[in-house]
Structures are given as structure tokens and as C-alpha cells.
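A quick write-up on the structure given underneath.
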Amino acid sequence: MYLMILGAPGSGKGTQGKLLAEFLEVPEVSTGELLRAAVKQGTPLGREAKRYMDQGNLVPDDVVLGLIREILDSRAAARGVMMDGFPRTVAQAQAVDALLAEKKARVDHVVLLDVSEEELVKRLLARAAKEGRSDDNLESIKTRLTVYHQQTAPLIAYYQKQGVVRCVPGMGSVEEIQQRAREALKG
Ligand code: B4P
């Protein structure tokens, strides 16, 4: 089963994606986490990615696609994968569709987390105070929201055409939202 979790920054992609992957017994892959790990290790890829991430911009498609290709070709992902925070552009979505087609597979579900803008900013600022992530500052958050509307939100229509979008209201407790996501996958 190939799933994606789509939503604005702070919508709970990481939080819900991990729980849903555990429930469905598929590995979870977060491009954000992979990129942050590369930054921490100081690899050439990490050094390039950091420039974009700190400003709230997307890392170039070719960098992210290299990471995803490796994962989809791995044995761990042979039975499916939960992709958290990927794809984020129509070009990434088209590329992953082509990679899956090579495996005679397709995207089965796209879980779309719907959260108000006010709540998104509140959550990210709360995380900034707790974890100090370098892209969780007000300026970068504003850029990330703009980038989401311009480059990632068009994916909703892209996947609606494939009939795979499962819209999940993303406000409330983590447990409530997880329950809704599981229900949405049944429908
Ligand atoms: P991500 O790591 O995907 O970061 P994010 O959009 O902020 O979402 P995240 O998963 O961390 O947060 P969540 O909503 O779970 O990306 C970071 C950067 O990496 C991007 O800006 C970009 O530069 C780069 N990148 C990643 N993927 C890319 C790609 N495919 N292409 C190009 N660039 C890419 O949670 C946020 C906070 O809310 C948490 O503190 C959480 O605890 C809290 N929260 C969650 N659910 C809650 C709830 N129900 N109630 C209250 N708080 C809640």
C-alpha cells in the first residue's frame, strides 16, 4: 500500500503519519526528517538543503527525488510505504507516479490534513519554544505557508483527479485525528 500524508506545515503530518504507518504496518518516510538528518551529519546534500530549509523554501526537486528513489527501491518498501511531507510539488508527484508505475503500483491514498492557518502558526511557534528547530521562526513559517499554497496545494487537485484524496479535519486531539484518518481510509 502506497500512502501519502499531505498538509500545510504544522498540520500534523509527522505526528499522524507515524501513527498511521504503525497501524498499517508499512514503513514511514519523512523527507523533512531525512533532510534534517543530512544537515546534522553535514553531508554535501545536507549543506545544500540547509540553505533552503532555514529560509522556509523547498529543497530542489532533484535532491528530494534522489532520496525517494533510493527508498522506493529498497527492500523495506517492497510492500508499501507511508510518505510524509512528500511530494510537495507537481513535478515530485509526477516523478513518484512514474517510479511506482515501474513497479506496477500506484498511490492508493492521500490523507489530506485540514487545519486553520491560525492553529498552524500556533503549533509551529509552540514547537519552536520546545525544540528550537531552525525553520520554526515567524519569518520562515510565513514563507513556508506561502510556499505551501503556491507549490503544494495544487497537488490536492492533482490527486483528486486520481480519486485518492481522503480529507481529514486536523483540529482536535492527536488521538481523535488519528481515528478520523483510519476511518477515512476505509471509505
Ligand atoms: P517537514 O519536516 O515536512 O516539516 P513540516 O511541514 O513543518 O511538518 P512536520 O511534519 O514537521 O510537523 P507536523 O505537521 O507533524 O519539512 C521541513 C522542511 O524540509 C520544508 O520546509 C522543506 O524545506 C524541506 N522539505 C521536506 N520535504 C520536502 C520535499 N518533498 N521537497 C522539498 N523540500 C522538502 O507538526 C507540527 C507541530 O504540531 C509539532 O510540534 C506537533 O507536535 C504539533 N501537533 C501535531 N498534531 C497536533 C495536534 N493535534 N494538536 C496540537 N499540536 C499538534
Side-chain angles (χ1 to χ4, degrees), residues 4-21 28-40 45-72 81-97 99 107 110-155 158-159 168-181:
M4 287 157 175
I5 190 143
L6 187 66
S11 57
K13 297 186 296 290
T15 311
Q16 297 298 332
K18 278 187 188 66
L19 294 169
L20 209 49
E28 188 244 4
V29 174
S30 155
T31 40
E33 276 179 18
L34 289 175
L35 291 167
R36 278 189 291 280
V39 170
K40 208 167 157 197
L45 185 152
R47 285 199 296 275
E48 192 194 349
K50 185 170 167 53
R51 292 192 289 135
Y52 297 94
M53 293 170 80
D54 282 354
Q55 288 169 13
N57 288 313
L58 294 180
V59 172
D61 286 339
D62 56 334
V63 175
V64 179
L65 283 169
L67 291 173
I68 282 289
R69 195 170 292 122
E70 224 174 275
I71 283 157
L72 288 179
V81 70
M82 153 73 71
M83 292 173 245
D84 154 15
F86 176 89
R88 265 177 151 96
T89 63
V90 172
Q92 289 181 13
Q94 287 167 337
V96 81
D97 276 354
L99 286 173
V107 175
V110 174
V111 175
L112 173 64
L113 292 172
D114 185 23
V115 176
S116 74
E117 198 125 327
E118 197 189 343
E119 172 75 9
L120 295 172
V121 176
K122 207 171 96 190
R123 286 184 192 176
L124 293 172
L125 290 178
R127 182 170 67 186
K130 229 170 38 190
E131 296 176 19
R133 220 171 90 172
S134 58
D135 58 346
D136 281 344
N137 57 75
L138 198 52
E139 204 180 323
S140 173
I141 291 169
K142 279 188 190 152
T143 307
R144 282 154 70 196
L145 288 170
T146 306
V147 167
Y148 173 77
H149 291 299
Q150 286 175 348
Q151 299 193 52
T152 308
L155 289 178
Y158 178 90
Y159 285 117
V168 173
M171 313 267 281
S173 74
V174 169
E175 295 74 22
E176 280 165 356
I177 299 163
Q178 179 62 201
Q179 206 47 47
R180 283 180 212 144

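Computed over heavy atoms, backbone and side chain alike; hydrogens, waters and symmetry mates excluded. Order of appearance sets the numbers: ligands from 1, and atoms from 1 within every ligand.
The immediate protein surroundings of ligand 1, defined as residues with any heavy atom under 4.0 Å of it, consist of Pro9, Gly10, Ser11, Gly12, Lys13, Gly14, Thr15, Thr31, Gly32, Leu35, Arg36, Met53, Asn57, Leu58, Val59, Val64, Gly85, Phe86, Arg88, Gln92, Arg123, Arg127, Arg133, Asp135, Arg144, Gly172, Val174, Ile177.
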### Task
Determine, step by step, whether Lys142 and Glu139 satisfy the salt bridge (charged side-chain N to carboxylate O under 4.0 Å, His left out) criterion, reporting the C-alpha distance in whole Å, the side-chain angles of both residues, the deciding distance to 0.1 Å, and the verdict.
CA-CA 5 Å; Lys142 279 188 190 152; Glu139 204 180 323; over 6 Å; no

### Task
Apply side-chain hydrogen bond (donor to acceptor under 3.5 Å, both in side chains) to Ser134 and Asp54, showing your working.
CA-CA 6 Å; Ser134 58; Asp54 282 354; 2.7 Å; yes

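Under the side-chain hydrogen bond (donor to acceptor under 3.5 Å, both in side chains) criterion, the residue pairs touching residues 28-39 are Lys18-Glu33, with sequence neighbours excluded. Among residues at least two apart or in separate chains, side-chain hydrogen bond (donor to acceptor under 3.5 Å, both in side chains) pairs with a member in residues 83-95 are Asp61-Thr89, Asp61-Gln92.
Not a single side-chain hydrogen bond (donor to acceptor under 3.5 Å, both in side chains) links Asn137 to another residue, sequence neighbours left out.
Note on Arg123 versus Glu119: salt bridge recorded, some NZ/NE/NH1/NH2 to OD/OE distance being below 4.0 Å.
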